[in-house]
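Below is one structure, written out as structure tokens, with a few remarks after it.
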Amino acid sequence: LEVSYIAEKLNFFLTGNFGRPDDLILNRDKGFMMQVSYLLGTSYKLGLNFYSGQNDSRSRNMFGAFGLLGLTERIALLTELDFQNAVTSGLAINQKLSYEAFSGGWFYFNQEWMKLDYGNDLSKTEVYGVGVQLFPRVHFEFNLAWNWKKDYAYSNDFYSYAWIMSHFYL
């Protein structure tokens, strides 16, 4: 269930998360999310988000800030910083730098860094990647990405993986 207020410069969302009422054995989180964002000028959007959820074995809160920054007419940076407070406390940072090479065609670099337990170096993950995102027509999206990831809990080496996504929306 979601309630939102969307205006020209200010957006607000409040969302209820009811877990999986169809399958209670899965013990999914139940809680709520809030997000507020504000458009600065024509090419910068800044926002804050909050999540609070719990299941039978834990509860957690997350708080973060994000920015969608139009650096030039063809270069954009999406950035997010999130803090988690649960049984352990940690931090996650995500960045995506995109370049519009042609109308509807974007090339990008992405970076993710997570350490979900400040006291445990094995909870750290790093991801670096490149990709292309295409919007050939209104309501269609295609995304191809190649990433290099290091999960410190499993290895000190990076491994690579690729994924492709298509999306149609109304």
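This chain uses plain numbering: 1 for the first residue, then up along the sequence. As the structure is a prediction and not an experimental result, all values here were calculated from the model.
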Next item on the list: Taking all heavy atoms of Lys150 and all of Ser155, pick out the closest pair and write down the distance.
Entry: CG-O, 3.8 Å

Next item on the list: Anything under 30° is parallel, anything over 60° is perpendicular, the rest tilted; go ahead and classify Trp146 against Trp148.
Entry: tilted

Check: Which pair of heavy atoms, one from Leu91 and one from Leu81, lies closest together, and at what distance?
Finding: CD1-CD1, 3.1 Å

Next item on the list: Answer yes or no: is there a side-chain heavy-atom contact under 4.5 Å between Asp151 and Tyr159?
Entry: yes

Note to self: Out of the candidates Ile6, Val36, Asn49, only one should pair with Phe13 under the side chain to side chain contact (heavy atoms under 4.5 Å, CB included) rule; please name it.
What the structure shows: Ile6

Checklist line | Non-hydrogen side-chain atoms of Ser123 and Tyr152 separated by less than 4.5 Å | finding: no

Notebook entry, point to check: Where is the tightest heavy-atom contact between Glu100 and Glu73, given as atom of each residue plus distance?
Noted result: OE1-O, 4.3 Å

Note to self: A quick test of your reading: do over 12 heavy atoms of other residues, nucleotides or ligands sit less than 6.0 Å from CZ of Phe109?
What the structure shows: no

Notebook entry, point to check: For the hydrophobic clusters of this structure (ILVMFWY residues joined by side-chain heavy atoms under 4.5 Å, transitively), does one cluster hold both Met62 and Trp113?
Noted result: no

Notebook entry, point to check: Under 3.5 Å, is there a donor-acceptor pair between the Asn17 and Asp29 side chains?
Noted result: no

Next item on the list: Indicate whether any N or O donor in one side chain lies under 3.5 Å from an N or O acceptor in the other, for Tyr51 and Asp82.
Entry: no

Notebook entry, point to check: Would you say Tyr99 and Leu69 are hydrophobically clustered, going by side-chain heavy atoms of ILVMFWY under 4.5 Å?
Noted result: yes

Next item on the list: Determine, using the 4.5 Å side-chain heavy-atom cutoff (strictly less than), whether Phe66 and Leu48 are members of one ILVMFWY cluster.
Entry: no

Next item on the list: Classify the angle between the aromatic ring planes of Tyr169 and His139 as parallel (below 30°), tilted (30 to 60°) or perpendicular (above 60°).
Entry: perpendicular

Checklist line | N/O donor-acceptor pair under 3.5 Å between Ser89 side chain and Phe83 backbone | finding: no

Check: Do Leu71 and Leu40 share a hydrophobic cluster (ILVMFWY, side-chain heavy atoms under 4.5 Å, transitive)?
Finding: yes

Item checked: Linked, directly or transitively: Tyr38 and Leu14 (ILVMFWY side chains, under 4.5 Å) -> yes

Check: What orientation do Phe102 and Phe107 show, parallel under 30°, tilted 30 to 60°, or perpendicular over 60°?
Finding: perpendicular

Notebook entry, point to check: Under 3.5 Å, side chain of Asn120 to main-chain N/O of Leu122, donor-acceptor pair present?
Noted result: yes

Next item on the list: With rounding to the nearest 0.5 Å, note down the distance linking NZ in Lys124 to CE in Met114.
Entry: 12.0 Å

Margin query: Nearest 0.5 angstrom please: Asn94 CG to Glu112 CD, how far?
Written below: 5.0 Å

